[in-house]
Amino acid sequence: MRKERFVSLPYMKAPGVVPLPETITPGAGTVRIRGLVLDAGDTARGASLRDILGGIVHSAPGGPDVLPVRVQVRGGNAESYRLTVSATGIEIDAADEAGAYYATHTLRQLLDAALATDGELPLVEISDRPRFRYRGLMIDVARHFFPPGVLRRVIRHAASLKLNHVHLHLSDDQGWRLDMPSRPRLATHASTSAVGDDHGGYLTTEDYRALVSFAADHHVTIVPEIDMPGHTHAVGLAYPELAEPPAISPALRDEASERDEQLPEPGASYQGLGVGFSSLRIGAAATTEFVDDILDDLTALTPGPYLHIGGDEALGTPREHYDAFLTDVSGRVTARGKIPITWHEAGETAGLAPGTIGQYWGFSVPTPEQATAASGFVERGGSLILSPADLIYLDMKYADDDELGLVWAQGPTTIESSYTWEPGALLDIPKDAILGVEAAVWTETIRTETDLETMIFPRLAAAAEAAWSPPLGNSPERSWPSFQTRAGALTDRWRAQGIAAHAMETAP
Ligand code: TNX
């Protein structure tokens, strides 16, 4: 019966597989499975793949319903693989180590779906590769701090959805979260606060290095962000000479009184939700020295190619100062052999370093200013990472009556709206100017690991499918009903593992 159901619903060709693979060719029938023996060649590879497959891997060959898995790495398109399930065994042909890793996640998802039903694995050939090179998740560790253990668990799950970048928003008005050897006062004087009366914290350089290496084991590159010149109130707690006095706008005043929050004050930690009031002192020699120290430390600590320098919501910074600062800092990043990333506002800065990548956080229908700013990066030979706020800002509420989350980005944001969009249709830029897609979770209202999990899962799976899979509508499976079924099964498994994933939306 069950087997027939899979055949009759076309989008059940890859039960439980998220993100959807590029092509899925079903075979005739199924194979009974109770265990696997793994022949992965290289031992480091074997350890990594065994870790994904878990307890189903047997140490010795043989026994009924125990299938051999053979993995080979042969070159080809980066991160791509072919996975063949036949009656006599499973073959993985991968282009590279990342491809072998992703193939094994696909296999794990197929196995979980089979074991959750009748133990019959459908025969299938899957051929798969990413649509975009950059597939990311941003985590704000500044508004609330999340320690390495939490970050490792999130990185692991992100990697299982074939995401390959985790962007850490390491500094904001409310706190600084990475020890900088050349500027020790940031850790000692600027890290203890957070939003509300919550505790702060920071990553030591050891924590950070260990996290970078953990991420690399999961084929994830860490992208560190130090947000400048705005979002820098905390810097003034450690180095008062670097900070302009807070620019208190009428809007900030109104919001603060509505929320019953203190306004920012120089030299006192800021625990509110306001944005856009802080600025570094642009043009001061001390600020340039500070930026050089921070970039030296970040460069030394970060093997990945990108340094994110922020550049958003610098509402307290006059435009000429902003332009001069972003021009200068982006140049200092490229001089260190790294690629700068900025939020899209800097796209209108004429002197931005060539090749700077823009991170678009406007809405799915851009304003004229957002569209112009985004095009600016392309004109200077850069590309864009798409983080449309009304679609994949995972800190937006799912529904009006949720306690967690914000609504400013046309929220609430349903799982269906996180899923149903086309990256290529967002901005009027050449297709090859899209580097990738990144979901973002800001943490003003998100205080615990449970909160974080609820907001991230399963919407991150929707973002992952936009980043990895062929465009929406490309096949019957690349559709909301299919995603609901596939990611619904995944959500059940996450929940069974104790992850506080939000329930999948069911059909009306
Ligand atoms: C906008 S997105 C911000 C953040 C907030 C977020 C809350 C962006 C570049 N800036 O400062 O945390 O909204 O959703």
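Remember, predicted model here, so these are calculated numbers, not experimental data. Counting starts at 1 for both ligands and their atoms, in listed order.
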TODO: Would you give the length of the straight line joining atom CG of Leu170 to atom CE of Met180, rounded to the nearest 0.5 angstrom?
DONE: 7.5 Å

Open item on the list: Rounded to the nearest 0.5 Å, what separates atom CD in Gln271 from atom CG in Asp197?
Closed with: 5.0 Å

Task: Atom pair CG/CG of Asn77 and Asp128 - distance to nearest 0.5 Å - done: 11.5 Å

Task: atom 8 (C) of ligand 1: nearest protein contact (heavy atom, Å) - done: Asp312 OD2, 3.4 Å

Open item on the list: Tell me if a side-chain donor or acceptor on Arg459 pairs with a main-chain N or O of Thr413 at a distance below 3.5 Å.
Closed with: yes

- [ ] Indicate the atoms forming the closest heavy-atom contact of Leu391 with Ser418, along with that distance.
- [x] O-OG, 2.7 Å

TODO: Answer with side chain, backbone, both or neither: which part of Asp172 has a heavy atom less than 4.0 angstrom from an atom of ligand 1?
DONE: neither

TODO: Write out the residue and atom name of the closest protein heavy atom to atom 13 (O) of ligand 1, then the distance separating them to 0.1 Å.
DONE: Trp408 CZ2, 3.3 Å

Task: Nearest-neighbour protein heavy atom for atom 1 (C) of ligand 1, which is reported as residue plus atom name and distance - done: Glu313 OE2, 3.6 Å

Task: Nearest-contact summary for atom 2 (S) of ligand 1 - protein heavy atom, Å - done: Tyr393 OH, 2.5 Å

- [ ] Looking only at distances, please establish whether an N/O atom of ligand 1 is found under 3.5 Å from an N/O atom of Trp361.
- [x] no

Open item on the list: Which residue and atom name correspond to the protein heavy atom nearest atom 5 (C) of ligand 1, and how close is it?
Closed with: Glu444 OE2, 3.3 Å

Task: Leu137 versus Glu438, closest heavy-atom pair with distance - done: N-CG, 3.7 Å

- [ ] Return the option from Glu345, Arg143, Gln359 holding the heavy atom at the smallest distance from atom 11 (O) of ligand 1.
- [x] Arg143

